[in-house]
Amino acid sequence: MCGIVGYIGENQAAPILLEGLSKLEYRGYDSAGIAVFNNNKIEVAKAKGRLAILSEKTDGGKSVHGTMGIGHTRWATHGEPSDVNSHPHLSNSGRFAVVHNGIIENYISLKKKLMDNGVEFISETDTEVIAHLFEHYYNGDIIETMIKVLNRVEGSYALGVLCSDYPDQFIAVRKASPMIVGLGENENFIASDVTAILKHTRNIYYLEDNEIVVLKKDSVKIYNADKEEIKKEVFTVDWDVSAAEKGGYEHFMMKEIEEQPKALRDTINPRIKNGKIVLDDISLTTEDIKNINKIYIVACGSAYHVGVVGKYVIEKMCRIPVEVQVASEFRYCDPIIGKNDLVIVISQSGETADTLAALREAKDHGARILSIVNVVGSAIANASDDVIYTWAGPEIAVATTKAYSTQLAVIYLIAAYMAEKLGMLTSGEYAKLVSDIEALPDQVAEILKSKEDVQYLASKFFNCHSIFFIGRNLDYAVSLEGSLKLKEISYIHSEAYAAGELKHGTISLIEDGTLVIALATGRDLFDKTVSNVKEVKARGAVVMGVTTEEHDNMEDVADYVVKIPATNEMLLPSLTVIPLQLFGYYVASLKGCDIDKPRNLAKSVTVE
Ligand code: G6P
C-alpha cells in the first residue's frame, strides 16, 4: 500500500516524481524518497514524514538533476518509518535502486543467504533484499536479471528498478500489486495508479502479473517471464484531470462528498433504459439467478458496510439467503461454498489484499464471482467472472464517501434486477423501485444543500470522548458506516450498535451527556428505535435523531433531529449516510485533524 512513480523523458525527473507522488500519498504517507540517474550514478533523496518534507529538502525536486528516476511514498510494514527504511533502496555498489509496493514474504531466508555471501543490509525492510538480489544475479542483462530475481521472491510486488549501467532506460514489474504504464510523447511513466500521471498522459498500459516493462524515453517494451516481447492494447483514460484535484475545496473528502450526486448519476443512469435495469456488463442469465443457492458478500472496511446493507436488501427483495463477511475472516474460515453460490466482492480500489484473497478462495471452491469495483483493470476486476464498475471517478480521501455511495447504488441495481428476473415484483412495484433509484442523486443533492445544519451540530459535539450510533436493520447497517467515518478521521471513540442490543451490555457506557446518534428512518421499526432512544435518554444521553420527513415525532424524544427525504425503505441508506459523512467531516475539521490522511491509515490496503 505504498505509492510508486517512475519517469523517463526530456524533463527534469525529480519535480515530476514529487508531483506524481503527491497524488499517491493516499496510499501511504510515513516517508518518501526518490532516486534519479545523474552523471552516470544514481542519486537518492529520502525523508521520513510527509512528502512535503522531501519536497522542501530537494527544493521541490529542483536540486536533484537528471531526466530518469523512480519515487516512492511509504506506508510502513517492515521497519518503522525512518529515513533509512524509506525507499528507494540501493544495492551495496549503488548500481541498483529499487522502489517496491507489496510484501516479500520470504525475505528473511533471502536476507540470510545474501548476508552469508557478504552483503551488508542497512534497513529493516523486506524490499532491500530485492536491490541486493539484483546485484547478486546481475549478468549485464537487466531483463534476465529481473527474471532471476522474480524466480526467487515470493509475495506481492510492484517494482521500479534503476540500474546505473543503463542510462537510457529503467525497468518495472508487478505481481498482485497495482502498476500501470503511462505513454507520453518522448516521455514514459510508471505509477501505482493513473491519478499520478494523468497530468502528462491519458494513454496507459495495464500490466498483468509478472510482465516486465522496459521504459525508454521514446519506447516501452513489455516482456514475459521467457523474455519474449508481448504486444498490449493502449487504454485511454477518460477521467478529467480536475477529477483528481482539490478544485478549491479544503479537503478531498468534502469535494468527494459533494461529488456524490454526479457519481450516483454516472453509476445509475447508463444502467437504466426505458424504465428497466440493464446490466449489460454481467453474463448472469435468468436461469443462473434462479439457480443461486446462496449469496456471499465479501469486502473490507466501508465496502463491507455496503455488504451489510446488501444482505438486508437482497434478502428482502429476492428471498435468497445472503451471508456477509469481512474478507480477512472469509479467506480463512474454510467457507462452505460451491458452484451454485454467487459471491459478490466489493472493493473501491480493486486491490485490497484480503478481498482479493477471499475472491480466490471462493473461486477455488467453484463459486461464481460478481465484483463491484471502482478502479478499471484492477486485480479484483480482472479475477472476477463479472464486474459492475462504480463510476465514482478517482477517490483520493482515505475515508471513502462517493465510492461507498456508488457501491450502494450498484447493490440496489443488482437486487432489483434479480428480483425482477425472479418474478418477485409486480410490474408496478418494479417501475416505482426503478424510478426511486433514479431519484436518489437528486435527493442526495437536496440533503447536501443543508450541510450547514450538520456543521452546527458538529460544533456542539466535537469535544465528545465517545459517540454511539444505534439503529435497527438498514439503519444499523448505516450506523456502522457513520461510526467508522467519525472515528477514522476525528479519532473520537465510537461504536455502532443494533439498537435492540445496546441494553445487553454497552448501555453501561452511557452517562450524562454521552452523545447517541439514533437512526430511525424506516417505518416498521421507527417506534422500536424510539423506545431505545428513551432508554438511553433515561440514562443521561444526549440524542441526535436521524429520520425521514415522514416522521414528525422524533422531535418529542431526541434533543436534535436531522431530517432526510422519504423514499423506498430499501433505498434509505443512500440518504441516511449523507448527514453522517458530513458529521464526521465537520467534527474532524473542528478538531483540526488531517482529514484526507488520517493517522496510521492508508486507502489501499495491499497487506493482510
Ligand atoms: C481502507 C479504506 C476504506 C475502504 C477499505 C476497503 O480501509 O480506508 O475506505 O473501505 O480500505 O478498500 P477497498 O478499496 O477494497 O474498497
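Both counts, for ligands and for their atoms, begin at 1 and track the order of listing. Numbers for residues simply follow the sequence, beginning at 1. Hydrogens, waters and symmetry mates play no part in the numbers below; they use all other heavy atoms, side chains included.
- Every residue meeting the salt bridge (charged side-chain N to carboxylate O under 4.0 Å, His left out) condition with Glu259, not counting sequence neighbours, appears here in chain and number order: Lys255, Lys402.
- By the neighbour-count criterion of 12 heavy atoms within 6.0 Å, atom OH of Tyr497 is sparsely surrounded, having that number or fewer from other residues, nucleotides or ligands.
- Under the rule for a salt bridge (charged side-chain N to carboxylate O under 4.0 Å, His left out), the partners of Arg174 that lie at least two apart in sequence or sit in another chain are Asp209.
- Listed by chain and number, the residues in a salt bridge (charged side-chain N to carboxylate O under 4.0 Å, His left out) with Arg368 are Asp288, Asp386 (sequence neighbours excluded).
- Side-chain contact, Asp475 with Tyr312: no donor N or O sits under 3.5 Å from an acceptor N or O.
- Judged by the 6.0 Å and 45° rule, Arg74 forms no cation-pi pair with Tyr29.
- Among protein residues, Cys300, Gly301, Ser302, Ala303, Ser347, Gln348, Ser349, Thr352, Val398, Thr400, Ala602, Lys603, Val605 come within 4.0 Å of ligand 1, judged on heavy atoms.
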